[in-house]
Amino acid sequence: MSAVEERLVEIASVAPSGLVAPALEALTAGGKRLRPILMVLCARMGRPETGALLTASAAIEALHTATLIHDDVVDKAAKRRGRPTTVAAYGREIAVATGDYLFAEAFHGLAEIGDPRLVRAFAEASMGLAEGELEQYRSSRGPVEVEAYLEHIRMKTAGLFRAACVAGGSLGGLSLKQIDALATYGQALGLAFQMSDDVMDLVGKPGLMGKGIGADLAEGTVTLPVIFAIKEGDAAAIRRVLETPNPAPEVLEAGIEAVLATDAINKTEAWALGEVEAAIEGLSLLPDGAERAILEAIASEVVGRDA
């Protein structure tokens, strides 16, 4: 992973002159590096070529970072991970160009590797990300049903987890059945990860992810606990937040309290735990060793995490 970090700095350093600083800041702003970690672990269950694995691992983090920059442009977000976003620091034009550069650089890396399976995995994930972002925009402020929510997070969050695992398995030379098992793991892990984020938006510590409690709710994003709470509790208080641009603190607090007064958080966490179990079960066809054990541990840590 230290080599991946060095490669990310290299990607920023060769950007067009006006994009070097924003690209470097975005790529080195922290984060879990979960997607490249997943790729490395999946690949090392086989026999990957080190150079290709390094390039692909950096590429998926660059792609992920590009999507975060573009998300922040759409959301007009001021902070991420406690730091000013690219759009807040450099303006809309530079932010969009930085995201575009990182997106292009990700596929440039894949072109160097020359494996069509990797290109396909990244392309499918990218198409899902775009469609998922559009669906989230269309459905903001509700109403949203559970199935529509699940389809949205399959595309927007789980798709890149799945791509990381599929690409890793392909680079490791694993069998098609084993790669399919990794795809199952990656998608289930991504779903659980997003559900956990949705819970944290309502019960997490302020500033832990660079934003305040209820930030998604205030932006009109309808998440799984919100869907459950609208059906079980004070729907009017929750809808008041969703339907009000920049809701006043007391309106937002009342909406959060309305969600917490129901069993929505417990239901969401239980669903996420079910996805975790599915993720771990999906690893049964993979070689038993350190990499598989770490993948199982990652899945087990997703629900109830602090960050």
>> Between Leu63 and Leu102, does the side chain to side chain contact (heavy atoms under 4.5 Å, CB included) criterion hold? Intermediate values first, please.
In response: CA-CA 6 Å; Leu63 177 57; Leu102 294 178; over 6 Å; no

> Shortest non-hydrogen contact from Phe122 to Ala56?
Replying inline: CZ-O, 3.9 Å

> Between Glu296 and Arg292, is a salt bridge (charged side-chain N to carboxylate O under 4.0 Å, His left out) present by the stated rule, with each step listed?
Replying inline: CA-CA 6 Å; Glu296 291 175 352; Arg292 176 173 159 181; 3.3 Å; yes

> Got a salt bridge between Glu145 and Lys231, using NZ or NE/NH1/NH2 to carboxylate O under 4.0 Å?
Replying inline: yes

>> I'd like to know if the side chain of Ser284 and the backbone of Glu281 have a donor-acceptor N/O pair within less than 3.5 Å.
In response: yes

> Say you draw a straight line from CD1 of Ile179 to SG of Cys165; how long is it, rounded to the nearest 0.5 Å?
Replying inline: 11.5 Å

>> With a 4.5 Å cut-off on side-chain heavy-atom distances among I, L, V, M, F, W and Y, is there a chain of contacts connecting Val87 to Val20?
In response: no

> For the atom pair CE (Met195) and CD (Glu269), what is the distance rounded to the nearest 0.5 Å?
Replying inline: 12.0 Å

> If you measure from the Lys or Arg side-chain nitrogens to the Asp or Glu carboxylate oxygens, is any gap between Glu232 and Lys267 under 4.0 Å?
Replying inline: yes

>> What I want to find out is whether Asp71 reaches Lys156 closely enough, with some N-O distance under 4.0 Å, to be called a salt bridge.
In response: yes

> Which heavy atom of Leu286 sits nearest a heavy atom of Ala181, and at what distance?
Replying inline: CD2-CB, 3.6 Å

>> A side-chain contact here means heavy atoms from C-beta on lying under 4.5 Å apart; do Trp271 and Val146 qualify?
In response: yes

> Closest approach of Ala264 and Ala229, non-hydrogen atoms and distance?
Replying inline: CB-N, 3.8 Å

> Any side-chain heavy atom of Asp197 sitting closer than 4.5 Å to one from Asp216?
Replying inline: no

> Within a strict 4.5 Å, meaning less than it, do heavy atoms of the Leu19 and Ile94 side chains meet?
Replying inline: yes

> Taking all non-hydrogen atoms of both residues, which atom of Ile69 and which atom of Ala26 are closest, and how far apart?
Replying inline: CD1-CB, 3.8 Å

> Where do Leu182 and Leu38 land on the side chain to side chain contact (heavy atoms under 4.5 Å, CB included) test, with the steps shown first?
Replying inline: CA-CA 10 Å; Leu182 289 174; Leu38 291 174; over 6 Å; no

> What pair of heavy atoms forms the shortest contact from Ala258 to Ala237, and how long is it?
Replying inline: CB-CB, 4.1 Å

> Could you go step by step and tell me if Thr86 and Asp72 meet the side chain to side chain contact (heavy atoms under 4.5 Å, CB included) rule?
Replying inline: CA-CA 8 Å; Thr86 306; Asp72 290 339; over 6 Å; no

> Roughly how far, to the nearest 0.5 Å, is the CZ atom of Arg162 from the CE atom of Met155?
Replying inline: 14.0 Å

> Do the ring planes of His152 and Tyr149 sit parallel (below 30°), tilted (30 to 60°) or perpendicular (above 60°)?
Replying inline: perpendicular

>> I'd like to know if Ile11 and Val96 are part of one continuous hydrophobic network [Ile/Leu/Val/Met/Phe/Trp/Tyr, side-chain heavy atoms within less than 4.5 Å].
In response: no

> Could you walk me through whether Phe193 and Leu34 pass the side chain to side chain contact (heavy atoms under 4.5 Å, CB included) check?
Replying inline: CA-CA 11 Å; Phe193 188 90; Leu34 186 52; 3.8 Å; yes

> How far does CG of Asp115 sit from CZ of Arg120, to the nearest 0.5 angstrom?
Replying inline: 9.0 Å

> Charged N to carboxylate O below 4.0 Å: is that the case for Glu5 and Arg33?
Replying inline: yes

> Are Leu191 and Phe161 close enough that some pair of their side-chain heavy atoms sits under 4.5 Å apart?
Replying inline: no

> Do the side chains of Leu295 and Glu291 get nearer than 4.5 Å, heavy atoms only?
Replying inline: no

>> Tell me which one of Ile256, Val241, Asp198, Leu217 satisfies side chain to side chain contact (heavy atoms under 4.5 Å, CB included) with Val226.
In response: Leu217

>> Just to verify, which of Thr65, Asp100, Asp75 counts as forming a side-chain hydrogen bond (donor to acceptor under 3.5 Å, both in side chains) with His70?
In response: Asp100

> Just how far is it from atom CG of Leu118 to atom OG of Ser170, taken to the nearest 0.5 Å?
Replying inline: 6.0 Å

> Does Leu171 share a hydrophobic cluster with Met1, counting links as ILVMFWY side-chain heavy atoms below 4.5 Å and allowing steps through other members?
Replying inline: yes

> Side chains of Ile298 and Leu189: does their closest heavy-atom pair fall under 4.5 Å?
Replying inline: yes

>> Donor-acceptor check, side chain of Thr85 to backbone of Ala77, threshold 3.5 angstrom: yes or no?
In response: yes

> Ser196 side chain to Val302 main-chain N or O, any donor-acceptor pair under 3.5 Å?
Replying inline: yes

> If you round to the nearest 0.5 Å, how far is CD1 of Ile265 from CE of Met200?
Replying inline: 11.5 Å

> Got a donor-acceptor contact below 3.5 angstrom from the Thr55 side chain to the Ala52 backbone?
Replying inline: no

> In the single-linkage hydrophobic clustering (I, L, V, M, F, W, Y; side-chain heavy atoms under 4.5 Å), do Leu8 and Leu24 co-cluster?
Replying inline: no

>> Grouping I, L, V, M, F, W and Y whenever their side-chain heavy atoms are under 4.5 Å apart, do Ile213 and Val203 come out in a common cluster?
In response: yes

> What's the shortest heavy-atom distance between Ala66 and Phe103, and which atoms?
Replying inline: CB-N, 3.8 Å

>> When you measure from the side chain of Arg35 to the backbone of Ile60, do you find a donor-acceptor pair of N or O atoms at a distance under 3.5 Å?
In response: no

> Glu25 versus Pro84: any side-chain heavy-atom pair under 4.5 Å?
Replying inline: no

> Hey, are the side chains of Tyr101 and Val14 touching, using non-hydrogen atoms and a 4.5 Å cut-off?
Replying inline: yes

